[in-house]
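First comes the structure, then the notes that go with it.
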Amino acid sequence: MAVEIICKNNDVRKEIPLGTSLEQLKDELGVKTRYQILGALVNNKLRELDYQIFKPKTIRYIDISHPMGKRMYNRSVQFLLYKAMIDLYPNAGLRIEHSVPGGWYCEVDNLGKAVDKEFILEVKKRMKELVEQDLPFIRKQLPTEEAVQIYKAHGLDEKVKLFTTRNEIYTTVYFLEDAPNHFDGYLVPSTSYLKAFELTEYYNGFFIGTPRDGYDKIKFPENPQNSKLFKIFREHVEWLDILQVPYVGELNEAIINKKAGDLIKVAEALHEKKIAKIADKIFQRRNEVKVVFIAGPSSSGKTTFCKRLSVQLQVIGFKPVQISLDNYFVDRAHTPRDEKGEYDFEALEAVDIKFFNEQLLDLMNGKEVELPVFNFYQGIREMSGEKIKSDANTIYIIEGIHGLNPKLTPKIEDKYKYKIFVSALTHIGIDKQNPIPSTDNRLIRRIVRDYKTRGYSALDTLSRWESVLAGEKKNIFPYQENADIMFNSALLFELAVLKAYAEPILREVPETAPEYDQAIRLLKFFSYFKAMPSDEIPPTSILREFLGGSSFLY
């Protein structure tokens, strides 16, 4: 018997024998991609190459240049690292802590020696040996009770807690020879696909990097002593120690044991303490600082942070005035366009820099200024009728994605500025080898907020997300280290709360949409979490910016 498939890579329509695998089919179809094929989207759902076809399907083969292919590659390298580690040091425990630019920061428990150049060379050598052996990644669906026993036997205690609290009958377990592990998504077929990776000493552990675009040169992070971003990640490791909830399994246990309210109170208190400390740092420079710039990527909670910082500044005697950079957009007729011919509102040139600097200098010099407001419906800037003037205690809070770009305020000396970078740097992990990408945290926030406040579907948000990330990469992240201080807006418990809001929205994404695979991926991700009620989240929480119910006006 035969079944019809449509290959989107080359628009071939063909009947094939039932049970043909994607691996067999790619050669028969003569599919060519820029890089080595890693997997395929089958009816817009990611599949591994050993997937067999029994019904009519549309197929698109993907490589490392596709976001889902990149995820497959990264997860597989993480398993390769784990396997090399247990081969060399079976009693040690690998922790893939969090992302750093270009890869991940890792630490090792019970190593019995220093993480030094000798260690790095040894692990890298073993990884390369495993690549040369072309070992298959074996995926098995096992009853959860069996999977839990396997993880328990191999000392993977945080996975035991995760799957004990997940309440699903079957669990996926991957094997690389005799090493079992679980990863949040599919892997490449075998170790021979993983020729590009790099390791180096970093802080108290090491950095492992993979190619960013295709198989180009791997980017190494800057010295951790000079990286404000790395320091803010490490700060939240200390917070996890305070909360004693480093992984999702522990979070689920806390929810089951009715301790969610305690987690919320402590996590929110840590946020408030950090914001108060930032206000104190600004106060220490009160004789110079006139303007506070707050920048950060999409859905980082910048707006609520601005409002909470303003409250703390009032407590210590300032009179904060909040100004949105969006109100200084040029008229839409003058807005620059991107390479696709669409309006590029995230370009610096979308802001009337000359007018913004003139008004800011006038305010700093004690002159009265009438603030503008941008009419987004008509695409023009208008004057609001609101006039403001500084006094001795006035401080201006400027929110906008370009706040850390020195080209925004070329006429204002640095001594008058205090610069803050805000982002949601997820610090809880699924388990020791599955860190949660911060971009996913922000994407989920945005899906919920867009649906509740802007009338956008999950499909609308997902379809724009890659463009948003590209804009951030170009306009925001290159300037993040210009900040005087960083604030991590992620909350330990938030994904468990967002679960109940995001899941029904994600289920509305149709199978016919290319973004369906992302929706399925996020729904699977949420399956790890127990739902946490939102009723104890305070009205001033950053999370209220996305859930609704905030006591702040937006």
Note, Phe552 side chain near Arg544 side chain (heavy atom, < 4.5 Å): no
Side chain to side chain contact (heavy atoms under 4.5 Å, CB included) partner of Thr210, chosen from Glu198, Lys70, Lys219: Lys70
task: Could you tell me whether the side chains of Asn441 and Ser438 share a donor-acceptor contact shorter than 3.5 Å?
output: no
- request: I would like to know whether Asp440 and Arg71 meet salt bridge (charged side-chain N to carboxylate O under 4.0 Å, His left out); could you show each step before the answer?
  value: CA-CA 12 Å; Asp440 281 353; Arg71 287 176 182 270; 3.1 Å; yes
- prompt: About how many Å separate CD of Gln480 and CG of Leu404, when rounded to the nearest 0.5 Å?
  reply: 9.0 Å
message: I'd like to check Phe477 versus Pro101 (side-chain heavy atoms, cut-off strictly below 4.5 Å). Are they in contact?
response: no
message: Before we go on, tell me: are the rings of Tyr501 and Phe546 under 6.0 Å apart, centre to centre?
response: no
- prompt: Going by distance alone, is a donor N or O of one side chain under 3.5 Å from an acceptor N or O of the other, for Glu508 and Ser457?
  reply: no
message: Distance to the ring centre below 6.0 angstrom and angle to the axis at most 45 degrees; does that hold for Arg166 and Phe163?
response: no
- prompt: Salt bridge check: are Glu536 and Lys258 linked by an N-O gap of less than 4.0 Å?
  reply: no
query: What distance do Lys274 atom NZ and Ser489 atom OG have between them, rounded to the nearest 0.5 Å?
result: 12.5 Å
- request: Check the angle between the aromatic planes of Phe207 and Phe220 and answer parallel, tilted or perpendicular using the 30° and 60° thresholds.
  value: tilted
message: Could you tell me if the side chain of Leu498 sits less than 4.5 Å from the side chain of Leu547, heavy atoms only?
response: yes
message: When you compare the side chains of Glu253 and Thr165, does any donor N or O come within less than 3.5 Å of an acceptor on the partner?
response: no
Phe374 side chain reached by Asp326 side chain, heavy atoms, under 4.5 Å: no
- prompt: When the ring planes of His271 and Phe487 are compared, do they come out parallel, tilted or perpendicular, using 30° and 60° as the limits?
  reply: tilted
- request: Indicate yes or no for a side-chain donor-acceptor contact from Asn365 to the backbone of Lys367 under 3.5 Å, with no hydrogens or angles considered.
  value: no
message: Before we go on, tell me: are the rings of Tyr105 and Phe233 under 6.0 Å apart, centre to centre?
response: no
field: Electrostatic pair Asp338:Lys474 at N-O distance under 4.0 angstrom
entry: no
- prompt: Checking Glu370 side chain against Gly385 main chain: does a donor-acceptor pair fall under 3.5 Å?
  reply: yes
- request: Side-chain contact test, heavy atoms from C-beta onward, threshold under 4.5 Å: evaluate it for Pro410 versus Ile353 and give yes or no.
  value: yes
message: Is it the case that the side chain of Ser423 and the backbone of Ser300 share a donor-acceptor pair, with hydrogens and angles ignored and the cut-off at 3.5 Å?
response: no
query: Do NZ/NE/NH1/NH2 and the carboxylate oxygens of Glu545 and Lys302 come within less than 4.0 Å?
result: no
- request: Give a yes-or-no answer on whether the side chains of Asn434 and Tyr528 include a donor-acceptor pair shorter than 3.5 Å.
  value: no
message: Would you say that Thr164 contacts Lys161 through its side chain, given a criterion of any heavy-atom pair below 4.5 Å between the two side chains?
response: no
query: Just by distance, do the side chain of Gln433 and the backbone of Leu94 share a donor-acceptor pair under 3.5 Å?
result: yes
task: Examine the side chains of Ser227 and Glu222 and answer whether a donor and an acceptor come within less than 3.5 Å of each other.
output: no
message: I'd like to know if Asp414 pairs up with Lys417 as an ion pair, taking the criterion as any Lys NZ or Arg NE/NH1/NH2 lying under 4.0 Å from an Asp or Glu carboxylate oxygen.
response: yes
- prompt: If you measure from the Lys or Arg side-chain nitrogens to the Asp or Glu carboxylate oxygens, is any gap between Glu107 and Arg234 under 4.0 Å?
  reply: yes
- prompt: Should Lys281 and Asp484 count as an ion pair when the cut-off is N to O under 4.0 Å?
  reply: no
message: Within the structure provided, determine whether Ile323 and Gln359 are in side-chain contact (heavy-atom separation under 4.5 Å).
response: no
- prompt: Quick check: are there more than 12 heavy atoms from other residues, nucleotides or ligands sitting under 6.0 Å from CD of Glu368?
  reply: yes
query: With respect to Leu522, which candidate in Asp517, Ile505, Leu506 satisfies the side chain to side chain contact (heavy atoms under 4.5 Å, CB included) definition?
result: Leu506
- request: May I ask you to decide if Ala333's main-chain N or O and Asp331's side chain share a donor-acceptor pair within less than 3.5 Å?
  value: no
- request: Kindly assign one of parallel, tilted or perpendicular to the pair Phe355 and Tyr328, based on the angle between their ring planes and the thresholds 30° and 60°.
  value: tilted
Worked verdict on Glu250 versus Gln244 for side-chain contact (heavy atoms from CB on, under 4.5 Å): CA-CA 8 Å; Glu250 283 84 357; Gln244 297 185 330; over 6 Å; no
task: Give, for atom OG1 of Thr200 and atom NZ of Lys117, the distance between the pair rounded to the nearest 0.5 Å.
output: 7.0 Å
- prompt: Would you find more than 12 non-hydrogen atoms of other residues, nucleotides or ligands less than 6.0 Å from Tyr456 atom OH?
  reply: no
message: Regarding Tyr451 and Thr461, do their side chains bring together a donor and an acceptor under 3.5 Å, going by distance alone?
response: no
message: Check the orientation of Tyr343 and Phe345. Use parallel for under 30°, tilted for 30 to 60°, and perpendicular for over 60°.
response: tilted
task: Just grab all the ring-ring contact (aromatic ring centres under 6.0 Å, His included) pairs involving residues 406-438, residues at least two apart or on different chains.
output: His236-His427
field: Distance-only donor-acceptor check, side chains Gln78 and Arg75, under 3.5 Å
entry: no
- request: Flag the pair Lys231 and Glu235 as a salt bridge only when some basic side-chain nitrogen lies within less than 4.0 angstrom of an acidic carboxylate oxygen.
  value: no
query: Is there a donor-acceptor pair under 3.5 Å between the side chain of Gln378 and the backbone N or O of Asn375?
result: no
query: Looking just at side-chain N and O atoms, do Tyr554 and Thr453 make a donor-acceptor pair shorter than 3.5 Å?
result: no
